[in-house]
Amino acid sequence: MFIQTPFATVNDRHELCVDGVSVMDLSNKYGTPLYIMSEGHIRSQFALLKDKFIDRYPNVLPLYASKAFSCLAIYKIAQEYGVGIDCVSAGELSIALKAGMDPTKIYFHGNNKLPSEIEYALSRGVNHFVVDNFYEIKIANEIAERLGTKVYATVRVVPGVKSGGHAYIQTGAKDTKFGFSSHDGTYLKAIEQILKAPGMEFEGIHCHIGSQIFELEAYTTAMTHFVGFAKEIKDTLGVEIKKLNAGGGYGIAYTHEDHPLDFEVITSAIMKTIQEGFAKNNMRMPMVLIEPGRFVVGNAGITLYTVGSYKDIPGVRKYVSVDGGMTDNIRSALYDAKYEAVVANKADLAADTLVTVAGKNCESGDILIKDIMLQDPQPGDLLAMFSTGAYHYTMSSNYNQLPKPAIVFTYQGKDRLVVRRQTFDDLIAYDVEE
Ligand SMILES: Cc1ncc(COP(=O)(O)O)c(C=O)c1O
């Protein structure tokens with residue numbers, strides 16, 4: 001069984017357990033499909049951010065990129081570890097604030113922050129913005145002035161580094177919708193405008209080169225570029241940066257073919273490149289921020305399904321269908337993402353049957369796993385799909401009017417419901433009847 005969390009075990013009834021809780025029991029209690037999140041795993045990842053980053057270096061702040069998984073419970077846990085938050089919409093901000101997050105530890109990202117979102121953020125004390133484009137400089141400055149407050153701006157600069165998994169999640173190359181280009185000096189013009197804007201204060205530069213990154217060199221190359229940008233800013237505009245946000249994108253293992261880098265290896269390389277670069281150029285060391293999302297929650301997630309119908313096309317393939325699909329996991333269809341799974345009630349038995357796991361949505365592309373050896377899945381068995389903690393719940397939909405699954409956290413032998421399952425009434429909650 002390939003599973004990337006030490007919090008998963010198998011009991012003597014062959015049942016998969018998470019944090020000591022049998023997934024059979026969870027299925028009986030909450031039904032399927034079900035998002036199970038190992039709180040033990042989430043806490044151990046946040047503890048890494050604290051122990052190996054916050055406590056190791058002076059003047060640093062890890063932000064949890066909450067687009068990966070956002071609900072009240074996760075923001076509450078993040079606070080316990082002194083971690084800040086990366087939000088990309090007023091919706092995410094609203095949940096983080098409702099969970100009691102300190103607004104000064106929230107950084108507002110996004111390539112098209114709406115005037116209403118900017119006003120929402122600023123009027124609630126969320127003043128740290130990762131500024132993405134010239135239009136944003138204009139409207140953020142106007143709104144900040146009108147409200148008598150300031151935007152503390154970190155400027156998103158595109159380093160021209162190509163990295164990351166699927167093309168849709170590569171953001172560091174020249175041709176991207178995000179940020180200010182570096183190859184033609186556009187970012188310097190942006191900083192110049194911010195320096196002149198009465199409603200804004202320039203703080204530093206931001207970099208995010210993509211997601212699912214497995215090469216250390218991508219980080220060191222990007223950071224080397226950023227040291228160069230800091231020097232260019234100093235030389236041409238006469239200001240030293242106070243903050244350098246090195247972004248997220250730390251790859252995790254979805255299958256046995258993925259070999260992620262160790263957190264300390266990544267952060268040491270990032271810090272060393274920045275420290276040496278700034279010292280060499282006689283610049284004051286800035287505050288360093290990082291913003292991993294998937295790394296914190298990805299391997300914590302297990303989606304539990306019930307196996308239903310099957311179709312055997314002799315000599316072609318055998319499909320087994322489950323009670324969820326692209327509505328709870330769009331990554332397979334969107335990115336052709338690969339996963340591992342196990343029949344959760346036969347978890348340590350031989351995986352001797354080749355099947356393709358299909359969802360129940362009305363699309364031929366609704367295939368969750370193509371060609372996987374499983375423990376002869378039969379109708380009524382439970383299928384556990386691993387590493388579904390990031391970009392699953394937050395990307396879920398109600399296509400075909402399937403209610404969204406519940407989310408259960410497991411921790412130290414106990415489980416707790418953190419998001420309830422949607423009901424049919426929820427599906428028409430926004431319909432207006434004449
Ligand atoms: C600006 C920014 N920061 C951080 C992240 C988090 O990436 P990951 O979940 O791969 O760590 C993303 C992901 O899209 C991002 O766009």
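Hydrogens, waters and symmetry mates play no part in the numbers below; they use all other heavy atoms, side chains included. Order of appearance sets the numbers: ligands from 1, and atoms from 1 within every ligand.
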Could you tell me whether some N/O pair between His109 and ligand 1 is separated by less than 3.5 angstrom? no

Which is closest to atom 9 (O) of ligand 1 in terms of heavy atoms, Phe295, Tyr391, Tyr64, Phe178? Tyr391

Between Lys113 and Phe108, is NZ or CZ placed under 6.0 angstrom from the six-membered ring centre and within 45° of the ring axis? yes

What's the verdict on side-chain hydrogen bond (donor to acceptor under 3.5 Å, both in side chains) for Thr154 and Glu203, showing C-alpha distance, side-chain angles and the deciding distance? CA-CA 5 Å; Thr154 310; Glu203 291 212 307; 4.8 Å; no

Check whether the side chains of Tyr75 and Ser70 place a donor and an acceptor atom closer than 3.5 Å, and report yes or no. yes

Pro292 near ligand 1, heavy-atom distance under 4.0 Å? yes

Tyr57 versus Gln275, side-chain donor and acceptor atoms under 3.5 Å: no

Verify ring-ring contact (aromatic ring centres under 6.0 Å, His included) between His109 and His208, making sure each step is shown before the conclusion. CA-CA 11 Å; His109 290 60; His208 177 73; 8.5 Å; no

Both conditions, 6.0 Å and 45 degrees, for the charged tip of Arg43 above the ring of Tyr81: are they met here? no

Hey, which atoms in ligand 1 end up nearer than 4.0 Å to a heavy atom of Ala65? 4 (C), 5 (C), 6 (C)

Close approach of Gly249 to ligand 1, heavy atoms, under 4.0 angstrom: yes

Here the atoms of ligand 1 under 4.0 Å from any heavy atom belonging to Ser211 are 7 (O), 8 (P), 10 (O), 13 (C)

Can you see whether Tyr30 has Arg421 sitting over its ring - NZ or CZ less than 6.0 Å from the centre and within 45° of the normal? no

Give the numbers and elements of all ligand 1 atoms closer than 4.0 Å to a heavy atom of Arg294. 8 (P), 9 (O), 10 (O), 11 (O)

Does ligand 1 have a heavy atom under 4.0 Å from the side chain of Asp86, from its backbone, from both, or from neither? side chain

Just heavy atoms, cut-off under 4.0 Å: does Glu291 contact ligand 1 by side chain, backbone, both, or neither? both

